[in-house]
2 protein chains.
Amino acid sequence: MESRSQRLALITKIIQNEEVDSQDKLLQILNSKNCSVTQATLSRDLKLLKVFKRPTRDGRYLYSLSNAAPEQKPNIAKSSSSMDGFLSMEMSGNLAVIKTVPAFAQPISQAIDDMDMPSIISTIAGNDTILVVIRNGFTGTNVAQDFAHYFPEIANKIK
Amino acid sequence: MESRSQRLALITKIIQNEEVDSQDKLLQILNSKNCSVTQATLSRDLKLLKVFKRPTRDGRYLYSLSNAAPEQKPNIAKSSSSMDGFLSMEMSGNLAVIKTVPAFAQPISQAIDDMDMPSIISTIAGNDTILVVIRNGFTGTNVAQDFAHYFPEIANKIK
DNA sequence: TATCAGTGTGCATATTTATGCAGCCAATGT
DNA sequence: ACATTGGCTGCATAAATATGCACACTGATA
């Protein structure tokens with residue numbers, strides 16, 4: 001085996017047909033097929049091929065070709081206007097209820113979750129309403145304070 | 001941050017929202033969010049979540065949630081537990097809040113409703129959060145017990 | 001021919017990730 | 001109460017993977 005491109009093709013075939021979980025293992029298979037390289041070169045080959053280790057159902061990781069791997073959608077960056085559409089917030093027991101302009105509940109809910117406020121377990125959003133679940137040991141006042149701190153632009157809309 | 005399941009939920013969120021390419025980097029982000037663990041624990045967490053490093057178009061590798069990989073989706077129903085994607089459950093007053101891997105809230109919510117647990121009136125699900133409304137006369141402890149009974153595989157994720 | 005640029009490689013080592021082991025803690029059984 | 005079990009963790013270190021550097025080879029160019 002002399003050329004790199006031939007070796008790359010061979011690697012592709014091996015990864016498709018066998019359960020390879022380390023470069024050393026791949027190295028052995030290649031050696032047994034008359035192809036002699038070092039682990040360092042293999043590492044570079046795999047990067048060229050965009051090979052990656054995929055999790056299996058039983059908790060292992062095996063090398064896999066990335067042809068089908070889609071780009072992960074990055075979340076839209078938060079802007080200073082992430083509270084656009086916020087209308088009001090009112091406390092009720094261990095819940096805070098936020099009303100928004102219709103269709104704005106989801107993005108606002110996401111923005112709130114992203115802040116990881118200590119007083120909030122999580123939020124859940126419909127179309128124009130968000131439920132904010134307050135963590136045990138905190139009060140609506142705590143939540144109001146946290147909101148005023150993280151989102152000062154809506155501090156005056158909290159009851 | 002005290003419980004492992006909560007940390008797992010936080011990790012999924014970080015991996016979705018940021019470009020993480022090493023456990024050390026993830027470690028720093030967690031630390032900045034008041035969550036202190038070692039790299040060793042992180043390695044175990046990532047294996048539990050079946051996180052893997054996905055190749056990007058520009059030749060880098062970033063951590064990614066394996067449940068977002070589409071080729072695995074068609075098989076989920078037949079070969080996975082209905083509690084796949086369940087991350088954590090925390091009580092708050094007459095509610096229990098379940099955090100899931102994104103997009104898993106709806107099916108898990110359905111599975112819970114289907115059990116007709118005596119301690120639960122109903123559930124409502126967003127994208128990665130489920131609210132469980134506890135029936136009058138029951139407590140969060142009752143709900144936790146019911147969950148442990150009906151879904152023993154997630155008993156250890158209940159706070 | 002001489003020189004240069006680019007590619008490919010091994011070696012040694014750095015970086016990154018995984019794990020054996022022991023200890024802690026909470027839950028459970030006797 | 002005491003012992004036991006199992007989950008979770010950190011520490012130290014092993015295992016796995018990536019890379020800086022030097023060198024060899026090729027093809028293009030003056």
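Quick note on labels: first sequence line is chain A, next is B, and so on, each numbered from 1. Nothing here was measured: the structure is a model prediction, and the numbers come from that model.
- Less than 6.0 angstrom separates the ring centroid of F52(B) from the ring centroid of F52(A).
- Residue K25(A) is classed as having no contact, given no heavy-atom separation below 4.0 Å to the nucleic acid.
- Checked by atom type and distance alone, the side chain of N94(A) pairs as donor or acceptor with a backbone atom of S92(B) at under 3.5 Å.
- The CG atom of N31(B) sits 14 Å away from the C1' atom of dG10(D) (whole-angstrom rounding).
- OP1 or OP2 of dT17(C) has not a single side-chain nitrogen or oxygen of S43(B) nearer than 4.0 Å.
- Within the 4.0 Å cut-off from OP1 or OP2 of dT9(D), at least one side-chain nitrogen or oxygen of R7(B) is found.
- Using modelled atom types, one finds a donor on one side chain and an acceptor on the other under 3.5 Å when comparing D58(B) with T56(B).
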What verdict does the side-chain hydrogen bond (donor to acceptor under 3.5 Å, both in side chains) test give for Q110(A) and D114(A), after you've listed the backbone C-alpha separation in whole Å, the side-chain angles of each residue and the deciding distance to 0.1 Å? CA-CA 6 Å; Q110(A) 178 74 49; D114(A) 284 347; 3.1 Å; yes

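- Regarding R60(A), its CZ atom lies at a distance of 15 Å from the P atom of dA16(D), rounded to whole Å.
- Counting to the nearest Å, the P atom of dG8(C) and the CD1 atom of I11(A) are 13 Å from each other.
- Each of L48(B) and Y61(B) was matched to the nucleotide of DNA chain D holding its nearest heavy atom; the match closer to the 5' end belongs to L48(B).
- For K47(A) against Y61(B), the heavy-atom pair with the smallest separation is CA-OH, 3.7 Å.
- Residues K25(A) and E18(A) are not paired through a salt bridge, judged by the lack of any N-O separation under 4.0 Å between the basic side chain and the carboxylate.
- Rounded to whole Å, atom P of dA18(C) lies 16 Å from atom CG of D24(A).
- T129(B) places none of its side-chain heavy atoms less than 4.5 Å from the side chain of V133(A).
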Distances under 3.5 Å only, N/O to N/O: pair up the protein atoms with those of nucleotides 10-13 of chain C.
from: dG10(C); atom 1: OP2; to: T38(A); atom 2: N; distance (Å): 3.3
from: dG10(C); atom 1: OP2; to: T38(A); atom 2: OG1; distance (Å): 2.8
from: dG10(C); atom 1: OP2; to: T41(A); atom 2: OG1; distance (Å): 2.4
from: dG10(C); atom 1: N7; to: R44(A); atom 2: NH1; distance (Å): 3.4
from: dG10(C); atom 1: O6; to: R44(A); atom 2: NH2; distance (Å): 2.9

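- The nearest whole Å value for the distance from the CG atom in L46(A) to the C1' atom in dT19(D) is 15 Å.
- Computed from C1' positions of five pairs at each end, the angle between the two local axes of the helix from dT1(C)-dA30(D) to dT30(C)-dA1(D) equals 10°, rounded to 10 degrees.
- When distances are taken from the side chain of K47(A) to each of dT19(C), dA16(D), dT19(D), the shortest belongs to dT19(D).
- If you take CG of D45(B) and P of dG7(D), they are 15 Å apart, rounded to a whole angstrom.
- Other residues, nucleotides and ligands place no more than 12 heavy atoms under 6.0 Å from the CD1 atom of I124(B).
- Taking atom CD on Q23(B) and atom C1' on dA15(D), their separation rounds to 13 Å, with Å as the unit.
- Using a cutoff of 4.0 Å between basic side-chain nitrogens and carboxylate oxygens, D45(A) and R4(A) are scored as salt-bridged.
- Here the P atom of nucleotide dA15(D) and the CG atom of D21(A) are 14 Å apart, to the nearest Å.
- Y63(A) comes within 4.0 angstrom of the backbone, heavy atoms only, and of no base.
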